[in-house]
There are 2 protein chains.
Amino acid sequence: MLDRALTLDELLCFALYSANNAMGRLYRPILARHGLTYPQYLVLVALWQRDEQKVNDLGAGLNLESNTLTPLLKRMETAGLLRRRRNPEDERSVIVSLSEQGRALEREAAEISRCILEASGDEVADLIELRTKIQELAGRLNRLV
Amino acid sequence: MLDRALTLDELLCFALYSANNAMGRLYRPILARHGLTYPQYLVLVALWQRDEQKVNDLGAGLNLESNTLTPLLKRMETAGLLRRRRNPEDERSVIVSLSEQGRALEREAAEISRCILEASGDEVADLIELRTKIQELAGRLNRLV
DNA sequence: TGCGATTTAATCGTGTGCGATTTATCTGCG
DNA sequence: CGCAGATAAATCGCACACGATTAAATCGCA
């Protein structure tokens, strides 16, 4: 089956790719006003949720590894958003914690997510259902890797 | 409303980001066997659908601009997947066309998309509905930019 | 106790995405 | 005809993602 040619519009992967790029383009100018990039914002969300996480903990939450996180966290440290220090209990790991500046941004985050929510659609229940479906998909895909 | 802290799992944007990354990780080793990256594969899908497209046409289909496409297409040309030539009718534009090698990969693409389909879920109708919802979201977001 | 295996970050190279700008070509209007 | 404005691609710089590898610290077992 499915011998005929594929089209972009038939590909679930392209729908995801395109929606993710579009979301990034929407967030970028809003986040730029706070000196943030999109992945940096996600790191902050993770830290607002729970401060003092090891790099691996952040990676587990974000599905990223140190090859991506280390340089990203270094840039955020340079920007004064967080601090990185070796875990005294186990010098292999590094503990990431919010700076005052990083914590302060949380108060503006509600505003940001409201902007995005409005842009995403009008029916909140539909968005939640969509989010759940996408999370399930991500879960299935991640389980294969 | 929504004064309390956000969590990653509540963010539609993170669901998208995470699912898109996971999809990329799934595709990467499969595509690597054919010497392709994920965006390069999408370019090929667009060209299989319609050969001889201008850079802007590809960009309209993929929601990308020349700053992304030009280097990507140059790498694909170097790899022998396609050819780029100035439009004789209008030397401003560049026409991208498949090489024999690029065309040949289409036959293996059905195999690739079957792999991904199996990984994505078991109920095809559900996947199609999800894809449609994501496309609608992408459409709404893109319309704002 | 000692030392190989494991764990954790960091490093490196490649390929995107994209805002901003530049270069080349064409169009249309006086 | 000539030239300002528009259009198309290319260029540049920066920040991801990620496979592969490395370096440092800890663990576990003989």
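Owing to the predicted nature of the structure, the values given are computational and were not obtained by experimental measurement. Residue numbering restarts at 1 for every chain, and letters A, B, ... go by the order of the sequence lines.
If A:P71 and A:P29 are placed on DNA chain C by their nearest nucleotide, the residue sitting closer to the 5' end is A:P71. Nucleotides of DNA chain D nearest to A:N67 and A:Y38 differ in position, and the one nearer the 5' end is that of A:Y38.
Closest heavy-atom contact between A:R103 and A:L98: NH2-O, 3.8 Å.
Across the protein-nucleic acid pair, B:M23 atom CE and D:dC18 atom P stand 13 Å apart, rounded to whole Å. Note: CG (A:N87) to P (D:dC27) measures 11 Å, nearest angstrom. As a whole-Å value, the separation of B:E89 CD from D:dA8 C1' is 16 Å. Between the CG atom of B:L62 and the P atom of C:dG17 there is a distance of 10 Å, rounded to whole Å. Taking atom CZ on A:F14 and atom C1' on C:dG17, their separation rounds to 14 Å, with Å as the unit. Across the protein-nucleic acid pair, A:R28 atom CZ and C:dG17 atom C1' stand 7 Å apart, rounded to whole Å. Regarding A:L69, its CG atom lies at a distance of 12 Å from the C1' atom of D:dC18, rounded to whole Å. Rounded to whole angstrom, the span from the CG atom of B:N20 across to the C1' atom of D:dC18 amounts to 13 Å.
Between B:Y41 and B:W48, the angle of the ring planes goes over 60°, which puts this pair in the perpendicular group of the 30/60° scheme. Aromatic ring pairs are classed by plane angle as parallel below 30°, tilted from 30° to 60° and perpendicular above 60°; the pair A:Y27 and A:Y38 is tilted.
OP1 or OP2 of C:dT16 has at least one side-chain nitrogen or oxygen of B:R75 nearer than 4.0 Å. Distances shorter than 4.0 Å separate some side-chain N or O of A:R25 from OP1 or OP2 on C:dC18. OP1 or OP2 of C:dT25 has not a single side-chain nitrogen or oxygen of B:S93 nearer than 4.0 Å. Between B:R84 and D:dA10 there is a side-chain N or O to OP1 or OP2 distance below 4.0 Å. Look at A:Y17 and you'll find a side-chain N or O under 4.0 angstrom from OP1 or OP2 of C:dG17.
D:dA30: Watson-Crick or G-U partner is C:dT1, with both key distances under 3.5 Å. With a cut-off of 3.5 Å on both pairing distances, the Watson-Crick or G-U wobble partner of C:dT23 is D:dA8.
The CG atom of A:L82 sits 7.0 Å away from the CG atom of A:L44 when rounded to the nearest 0.5 Å.
As judged by a 4.0 angstrom heavy-atom cut-off over every strand, B:L64 is placed among residues touching the sugar-phosphate backbone only. Contact annotation for B:T37: backbone-only contact, meaning every heavy-atom pair under 4.0 Å involves sugar-phosphate atoms and none involves a base.
Side-chain proximity of B:D90 to the nucleotides C:dC18, C:dG15, C:dC26 is greatest for C:dC26. The side chain of A:K74 approaches C:dT11 more closely than any other nucleotide in the set C:dC18, C:dA10, C:dT11. Side-chain proximity of B:R86 to the nucleotides D:dA10, C:dA10, C:dC18 is greatest for D:dA10.
Looking at B:N142 and A:R25, their side chains do bring a donor and an acceptor atom within 3.5 Å of each other.
Here the side chain of B:T68 pairs no donor or acceptor atom with the backbone of B:L64 at under 3.5 angstrom.
Applying the salt bridge (charged side-chain N to carboxylate O under 4.0 Å, His left out) rule to A:E65 yields no partners; only residues at least two apart in sequence or on another chain are considered. In this structure, A:F14 has no ring-ring contact (aromatic ring centres under 6.0 Å, His included) partners at least two apart in sequence or on a different chain.
You won't find any donor-acceptor pair under 3.5 Å spanning the side chain of B:T70 and the base of D:dA9, going by distance alone.
A heavy atom lying under 4.0 Å from DNA chain D marks the following residues of residues 39-61 of chain A, by number: A:P39, A:Q40.
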